[in-house]
Amino acid sequence: MKVAIIGAGLIGNKRACALETQDELIIVCDKDLKKAEDMATSFNADYTDNYQDILSNEIVETVIISVINKYTLPLAVECLENDKNILCEKPLGRNSNESKEIMNAASRVNKIVKTGFNHRFHPSIIKAKSIIESGQIGDIINMRCRYGHGGRPGMEKEWRCSKDLCGGGVLIDQGVHLIDLCRWFTDKEVN
């Protein structure tokens, strides 16, 4: 798969490191050109601060979008409309309307959308899913979930605490993992 990444921060770098050996990172984009360059250099890829360079790149098949939630919708729709499959970091949108817009765009152009729910790939979660699917514990009738965040001084001033930038605090930022896992464990999953 020929991949581009928009967003050269922590998560963009993690996604680049997780690419399979047969995948190729073609180009990295970040509004901070130095961050894009640093990441791209590590993976022998091109870099840019203009996402249009990704849209016009005919080699790129899939775009990983790892930006602040507010910017996902327009980037996702443009990537889809330019014949790119996408992996968007969670949450897919700041609200259900944004998520539906992305999914509707994918349907119109027959492209794939995935949401980066990385918790599904933790070994303990994979084991739990296997036990559930085997029927060893019977039907699930209740789930109790807890998710912690250590916090840090000044965290309340970061983007993830902004309704405009994030969409809704801890439920959208971290709680969405729990919602995804509950749906996945009970076969009620969506992309």
[X] and [Y]: which non-hydrogen atoms are nearest, and at how many Å?
X	Y	result
Ala105	Leu80	CB-CD1, 3.9 Å
Val113	Ala106	CG2-CB, 3.4 Å
Val3	Val60	C-CG1, 4.4 Å
Leu181	His119	CD1-CB, 4.1 Å

Short question: side chain of [X], backbone of [Y] - any donor-acceptor pair under 3.5 Å?
X	Y	value
Asn13	Ala8	yes
Ser130	Ile126	no
Asp180	Val176	no
Glu98	Arg94	yes
Ser66	Gly7	yes
Ser99	Gly93	yes
Asn57	Asp53	no
Lys129	Trp184	yes

Full working for side-chain contact (heavy atoms from CB on, under 4.5 Å) between Arg183 and Ile179: CA-CA 6 Å; Arg183 295 179 62 85; Ile179 294 167; 4.2 Å; yes
Non-neighbouring partners of Lys111 that pass salt bridge (charged side-chain N to carboxylate O under 4.0 Å, His left out), sequence neighbours left out: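 Salt bridge (charged side-chain N to carboxylate O under 4.0 Å, His left out) check on Lys111 returns Asp83.
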Verdict with reasoning, Glu101 to Leu73, per side-chain contact (heavy atoms from CB on, under 4.5 Å): CA-CA 8 Å; Glu101 269 190 71; Leu73 173 63; 3.7 Å; yes
Taking the side chain as every heavy atom from C-beta outward, state whether [X] and [Y] have any atom pair closer than 4.5 Å.
X	Y	result
Phe185	Ile125	yes
Met103	Arg108	no
Ile132	Ile137	yes
Asp32	Asp49	no

In terms of hydrophobic clusters joined by side-chain contacts under 4.5 Å, are [X] and [Y] together?
X	Y	value
Ile102	Leu87	no
Ile5	Leu75	no
Ile11	Val63	no
Ile64	Ile54	no
Met143	Ile131	yes

Nearest-0.5 Å distance that lies between atom [atom1] in [X] and atom [atom2] in [Y]:
X	Y	atom1	atom2	answer
Gln52	Cys29	CD	SG	9.5 Å
Ile6	Ile65	CD1	CD1	5.0 Å
Phe117	His177	CZ	NE2	7.5 Å
Asn85	Lys114	CG	NZ	10.5 Å
Ser42	Glu37	OG	CD	10.5 Å

Taking distance alone, no hydrogens or angles, what donor-acceptor pairs closer than 3.5 Å link side-chain atoms of residues 20-27 to residues at least two apart or in another chain?
unit_1, atom_1, unit_2, atom_2, d
Asp23, OD1, Met1, N, 3.3
Asp23, OD2, Glu20, N, 3.0
Glu24, OE1, Lys2, NZ, 2.8

Lys/Arg N to Asp/Glu carboxylate O, Glu89 vs Arg15, below 4.0 Å: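 The answer is yes: the pair qualifies as a salt bridge.
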Any chance [atom1] of [X] has more than 12 other-residue heavy atoms, nucleotides or ligands included, within less than 6.0 Å?
X	atom1	value
Asp139	CG	no
Tyr47	OH	no
Ile112	CD1	no
Ile59	CD1	no
Gln136	CD	yes

side-chain contact (heavy atoms from CB on, under 4.5 Å) between Val28 and Asp46, intermediate numbers included: CA-CA 6 Å; Val28 175; Asp46 290 331; over 6 Å; no
Cys79 vs Tyr51, side-chain contact (heavy atoms from CB on, under 4.5 Å): CA-CA, chis, key distance, verdict: CA-CA 9 Å; Cys79 286; Tyr51 75 95; 5.9 Å; no
